[in-house]
Protein chains: 2
Amino acid sequence: MSRPPTSPTAFGVTTDLVVFTMHEGIWEVLLVRRSEDPYRGRLALPGGFVEAGEDLEDAAYRELREEAGVEPHHVVLEQLRTYGTPGRDERMRVVTVAWLAFGADLPMPVAGVDVASAEWVPVDSVDPSTLAFDHGEILRDGVERCRAKLEYTNLATSFCDPEFTVAELRQVYERVWGVRLDPRNFHRKVTGVPGFLVESGQRTTRGGGRPAMIYRAGDQLRLHPPVMRPGS
Amino acid sequence: MSRPPTSPTAFGVTTDLVVFTMHEGIWEVLLVRRSEDPYRGRLALPGGFVEAGEDLEDAAYRELREEAGVEPHHVVLEQLRTYGTPGRDERMRVVTVAWLAFGADLPMPVAGVDVASAEWVPVDSVDPSTLAFDHGEILRDGVERCRAKLEYTNLATSFCDPEFTVAELRQVYERVWGVRLDPRNFHRKVTGVPGFLVESGQRTTRGGGRPAMIYRAGDQLRLHPPVMRPGS
DNA sequence: GGAATAGTGTCTTTCAGACAATATCAC
DNA sequence: GTGATATTGTCTGAAAGACACTATTCC
């Protein structure tokens, strides 16, 4: 076995997670309060170092479990982007692979070793510029990716329980995009995409109003035609 | 300054490039023939180790210049994805940040230190499973990203010279998607998106047929409505 | 004129958006 | 019944796709 052709620099590699959920109709992101320097006391994204022999995706799932108490089958995980500007971590040269995770009404997180507290924070109430490291930039990218993918994928169903109504699905779009959508057009739209929603045959039993049909996510991952965000 | 809370593993970090161009109407990708083990003699994506103190994007531009002879202002660069499965490089634990680069009729590359030869290869003629490392997977992801971004961004103009005709732009779509598009509908479509194309006032002087208006790319980065790929 | 390519007009269908009307529950 | 929510229907305008037609060049 030959040596690498150049003498490579040693990097630390971390995983940072932008974990989104929908809790009581509020779009929330998981943030941790750092208990160690640097940025002690500041809010940050959950994450940590990738271990030797560990796949990047596995590291993301491990951090999800350790710092957020979230099991893999509760979320959809997707790579966001990699951030590695020199100096982004003053301790050493660190490259971080950021991931997006989406889940329905995820549980309250528990404190971890590096983390004084972990909490769900409404996305709209976060000031990205106050986050540790470059996590504000990562969060902004994650928010934009999330909003964009609602348009042309079934991502919104990841924010819903396995069985959901069209109104619950619509609320995901409304809260993430920060808009109001016409319930009648939205209903016709999403039920009209073949394979996107599957009728369960059940109906809601709930106070006030006609009971709604309960659906499950279908096998259609991409939405054609897409659900368009108002304003282009 | 405190120590990192855990003892991080040391990683090598590399940059790999999926460089696309359009040469004489053929959609091509830049590949290099490896002159060193592992995978000596196999085709691979150009790339190399990120240096100490070097930003990830700067490393991509440096590799572009060193291995492809491409200057930064000739291409549009965009991060694709990061690949870091253990064992993907037998020499050491290596995480690679893959980038997409797009340019119009890029120059013939020159051989580099690790590279016996570099060459433009028609994308359709590449068998991804024959590439070194996991570069086949990276190429497949790059191809799909490129095809998808034609729909809703001005990416296609990156494959054209600064001044181009609608027919040249249409050819980019046709070759990358592998389809035929109706010239008349395509013309009406792209000239109808405000800010996408800017008339230069010039016309082509060329044998056969009515001269075509010459356009420049406008400042509109996103296409609304998108140019749809035939077949959903 | 004929061949070739550029560009416009017209028709049909699909779909988004506005909103009226109907359905089915709790009370 | 009233109030609330779900679901369907109807209309209008925008735009995609098919394709006839006109425009301007070279030969």
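Chain letters run A, B, ... following the sequence lines, proteins first and then strands; every chain starts at 1. Model, not experiment: these values are computed from the prediction. The figures here come from the full heavy-atom set of this structure, side chains too, leaving out hydrogens, waters and symmetry mates.
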Enquirer: Compile the donor-acceptor pairs under 3.5 Å between side chains in residues 189-198 of chain B and protein atoms, sequence neighbours left out, one pair per line.
Expert:
unit_1 : atom_1 : unit_2 : atom_2 : d
B:K189 : NZ     : B:P226 : O      : 2.5
B:T191 : OG1    : B:H187 : O      : 2.6
B:T191 : OG1    : B:R188 : O      : 3.4

Enquirer: Who pairs with B:R210 by side-chain contact (heavy atoms from CB on, under 4.5 Å), at least two apart in sequence or on another chain?
Expert: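 Expected list: none.
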
Enquirer: Report each atom pair, protein N/O against N/O of nucleotides 14-17 of chain D, whose distance is under 3.5 angstrom.
Expert:
unit_1 : atom_1 : unit_2 : atom_2 : d
D:dA16 : OP1    : B:K189 : NZ     : 2.1

Enquirer: Whole angstroms only, please: what is the CZ-P distance between A:F186 and D:dT8?
Expert: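 Atom CZ in A:F186 sits about 14 Å away from atom P in D:dT8.
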
Enquirer: Rounded to the nearest Å, what distance is computed from the CD1 atom of residue B:I214 to the P atom of nucleotide C:dA6?
Expert: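 Atom CD1 in B:I214 sits about 12 Å away from atom P in C:dA6.
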
Enquirer: Check whether B:T21 reaches the backbone of B:D105 with its side chain - one donor and one acceptor, N or O, closer than 3.5 Å.
Expert: yes

Enquirer: Give a yes or no on whether the backbone of B:G25 and the side-chain of B:R175 come within a donor-acceptor separation of less than 3.5 Å.
Expert: yes

Enquirer: Does a side-chain heavy-atom distance below 4.5 Å link A:T153 with A:L221?
Expert: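 Sidechains of A:L221 and A:T153: no contact.
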
Enquirer: Decide if the gap between the ring center of A:F164 and the ring center of A:Y215 is smaller than 6.0 angstrom.
Expert: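 Ring centroids of A:F164 and A:Y215 are no less than 6.0 Å from each other.
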
Enquirer: Heavy atom of residues 158-184 of chain A under 4.0 Å from DNA chain C: which residues?
Expert: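 Residues of residues 158-184 of chain A that come under 4.0 Å of DNA chain C are, in numerical order, A:D182, A:R184.
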
Enquirer: Should the pair A:F20 and A:F159 be assigned to parallel (<30°), tilted (30 to 60°) or perpendicular (>60°) ring geometry?
Expert: tilted

Enquirer: What is the separation between atom CE on B:M213 and atom C1' on C:dT8, rounded to the nearest whole Å?
Expert: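 From B:M213 CE to C:dT8 C1': 14 Å.
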
Enquirer: Where the side chain of A:R145 meets the backbone of A:L80, is there a donor-acceptor pair that is under 3.5 Å apart?
Expert: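 Present.
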
Enquirer: Suppose the criterion is salt bridge (Lys or Arg N to Asp or Glu O under 4.0 Å): which pairs have a residue in residues 124-142 of chain A, not counting sequence neighbours?
Expert: A:R88-A:D134

Enquirer: Look at the side chain of A:Q79 and the backbone N and O of A:V97, then say whether any donor-acceptor pair between them is shorter than 3.5 Å.
Expert: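 Such a contact is absent between A:Q79 side chain and A:V97 backbone.
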
Enquirer: As a test of your reading of the structure, name each stem of DNA chain C as range with range, where a stem is three or more consecutive Watson-Crick or G-U pairs at under 3.5 Å.
Expert: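 Expected stems, ordered by start: C:1-27 with D:1-27.
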
Enquirer: Given C:dA6, D:dT8, C:dT8, identify the nucleotide with an atom nearest to the side chain of B:A212.
Expert: C:dA6

Enquirer: Establish, with yes or no, whether the OP1 or OP2 oxygen of C:dG7 is under 4.0 angstrom from a side-chain nitrogen or oxygen of B:H187.
Expert: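 Yes, within the criterion.
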
Enquirer: Distance check needed: C:dA6 C1' versus B:R210 CZ, whole Å only.
Expert: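 The answer, rounded to whole Å, is 5 Å.
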
Enquirer: Kindly assign one of parallel, tilted or perpendicular to the pair A:Y173 and A:W177, based on the angle between their ring planes and the thresholds 30° and 60°.
Expert: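 Ring orientation, 0 to 90° scale: perpendicular.
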
